[in-house]
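Following: one structure in structure tokens, then a few remarks.
Counting begins at 1 with the first residue of the sequence. All values below come from the heavy atoms of this structure, side chains included, with hydrogens, waters and symmetry mates left out. Note that this is a predicted model, so its numbers are computed, not measured. Atoms within each ligand, like the ligands themselves, are counted from 1 in listed order.
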Amino acid sequence: MMSREEACELFRSPDLIGIGMAADALRRKLHPEGVVSYIIDRNINYTNFCTEYCTFCAFYRPLGHAEGYILPKEVIFQKIQETIDLGGTGILMQGGLHPDLKIEWYEDLMRSIKQRFKIHLHCFSSPEIVNIAEVSGLSLRDTIARLRDAGLDSIPGGGAEILDDEVRHRISRLKCSTDEWSDVHLEAHRLGMRTTATMMFGCGETIEQRVSHLDLVRRIQEETGGFTAFIPWTFQRENTSLGRTIKEEATAVEYLKTLAISRLYLENIVNVQSSWVTQGLKTCQVGLRFGGNDVGSIMIEENVVSSAGAHHRASEEELRRIIRDAGFVPRQRDTLYRTYFLN
Ligand code: SF4
């Protein structure tokens, strides 16, 4: 297994192609069938009210703000019906941290969705779960178990940014700590649920801090094996207050290098995603030769990164074309990277 020092050395190395080839070789070993997968799902952001004021976020509105909303259940149902009509298999539902919504609100939402629809619910990243536990006076374990019993199927890795408290203190002072992020995933895995791990880089962190993030994710995976995928993306600065101090977004070279090193470092995580939503279709396509074996969602709706300046759009056919053109077979998957549909 790659050591922290070796990973730091790779980050400092100018040999982009060499690093990419090593990541491609490992990708081939883990996915010898030459398939690149994608999912059809929809992001639903149930509320944009939030109390955390993360400096990289252009999505939230403070309580009482005229543009703040909580989506009524009927609107959520309608969005789910549209997703199913478009061939979607899952819902990624996330929102701001609302101080008044207790666990009963979330349980009721999960139950009423499951009563009406056969759809995978991949919802509530660590900061939301920590918030639900706090406002409801529950332990993390009880919170996750109750949400699971109400219909939650898996948990997204959002809210990780860089898992280093010095960085978190600078960019998301109020949001969950490194330990809290980890505890949510550890508890979920112990309860038999699968989750994903993410990393938002290019927000002024050092190489060592980026490697610490990868190392923590690898250690959790060693303990539980519960992560289905690792999804790195770059900080998008438009409309964010952090964008006033971080003037330059990560380039394609930095993205591809980080993607490849993530693939190499996280040997124990089967899937690594090359992101077209934040990097654009062309960089995403090249990422398939830098360790990525999945391109994520065709995204029927996405509000969070689009608020911060990522405005890429793609149809299923476009995604399939870039996958084919990179030399792979495109296959639709489900949220847990399990089923390949016959297309
Ligand atoms: S990133 Fe999430 S927790 Fe932070 S301000 Fe935005 S909505 Fe709130």
Side-chain angles (χ1 to χ4, degrees), residues 42-71 76 91-103 105-106 109 122-136 140 143 147 155-185 195-205 213 231-246 249-250 275 277-278 299 301-310:
R42 182 173 196 159
N43 270 23
I44 299 178
N45 301 114
Y46 57 93
T47 183
N48 64 349
F49 281 123
C50 189
T51 52
E52 307 300 284
Y53 305 97
C54 302
T55 60
F56 57 83
C57 178
F59 168 73
Y60 76 89
R61 295 291 178 269
L63 286 185
H65 194 285
E67 290 163 14
Y69 67 80
I70 299 177
L71 290 184
I76 294 177
I91 294 294
L92 169 54
M93 190 153 51
Q94 300 182 108
L97 273 51
H98 198 293
D100 301 328
L101 299 180
K102 294 203 166 59
I103 189 141
W105 186 87
Y106 296 89
L109 181 60
H122 186 57
C123 314
F124 315 133
S125 55
S126 293
E128 291 163 277
I129 295 201
V130 170
N131 180 57
I132 299 168
E134 270 170 18
V135 301
S136 313
L140 281 180
T143 305
L147 292 171
I155 294 176
E161 328 325 342
I162 293 289
L163 292 167
D164 176 284
D165 283 331
E166 196 268 321
V167 179
R168 304 181 79 71
H169 193 74
R170 185 164 53 75
I171 67 173
S172 54
R173 199 161 42 86
L174 301 176
K175 200 156 77 170
C176 71
S177 65
T178 300
D179 284 350
E180 285 171 324
W181 188 92
S182 310
D183 286 347
V184 167
H185 289 270
T195 72
T196 56
T198 63
M199 171 168 75
M200 182 189 78
F201 62 98
C203 45
E205 74 283 356
H213 180 116
I231 308 161
W233 69 81
T234 57
F235 163 55
Q236 311 284 310
R237 45 188 298 278
E238 203 178 297
N239 304 326
T240 68
S241 68
L242 184 63
R244 289 198 285 272
T245 44
I246 307 290
E249 281 184 16
S275 166
V277 181
T278 54
M299 287 259 168
E301 179 178 16
E302 202 290 322
N303 300 311
V304 179
V305 293
S306 61
S307 309

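For ligand 1 and Glu52, the ligand atoms under 4.0 Å from any heavy atom of the residue are 3 (S). Near Cys50, meaning under 4.0 Å from any of its heavy atoms, are these atoms of ligand 1: 3 (S), 5 (S), 7 (S), 8 (Fe). Of all the atoms in ligand 1, the ones that sit under 4.0 Å from a non-hydrogen atom of Lys175 are 1 (S), 3 (S), 4 (Fe).
No side-chain heavy atom of Phe49 sits less than 4.5 Å from a side-chain heavy atom of Pro99. For the pair Asn48/His65, no side-chain contact is recorded, criterion being any heavy-atom separation below 4.5 Å from C-beta on.
Atom 8 (Fe) of ligand 1 does not have Cys57 among its coordinating residues (no N/O/S atom, backbone or side chain, under 2.8 Å).
Rounded to the nearest 0.5 angstrom, Tyr53 OH and Tyr60 OH are separated by 7.0 Å.
In summary, Glu161 and Lys175 engage in a salt bridge, as defined by a charged side-chain N under 4.0 Å from a carboxylate O.
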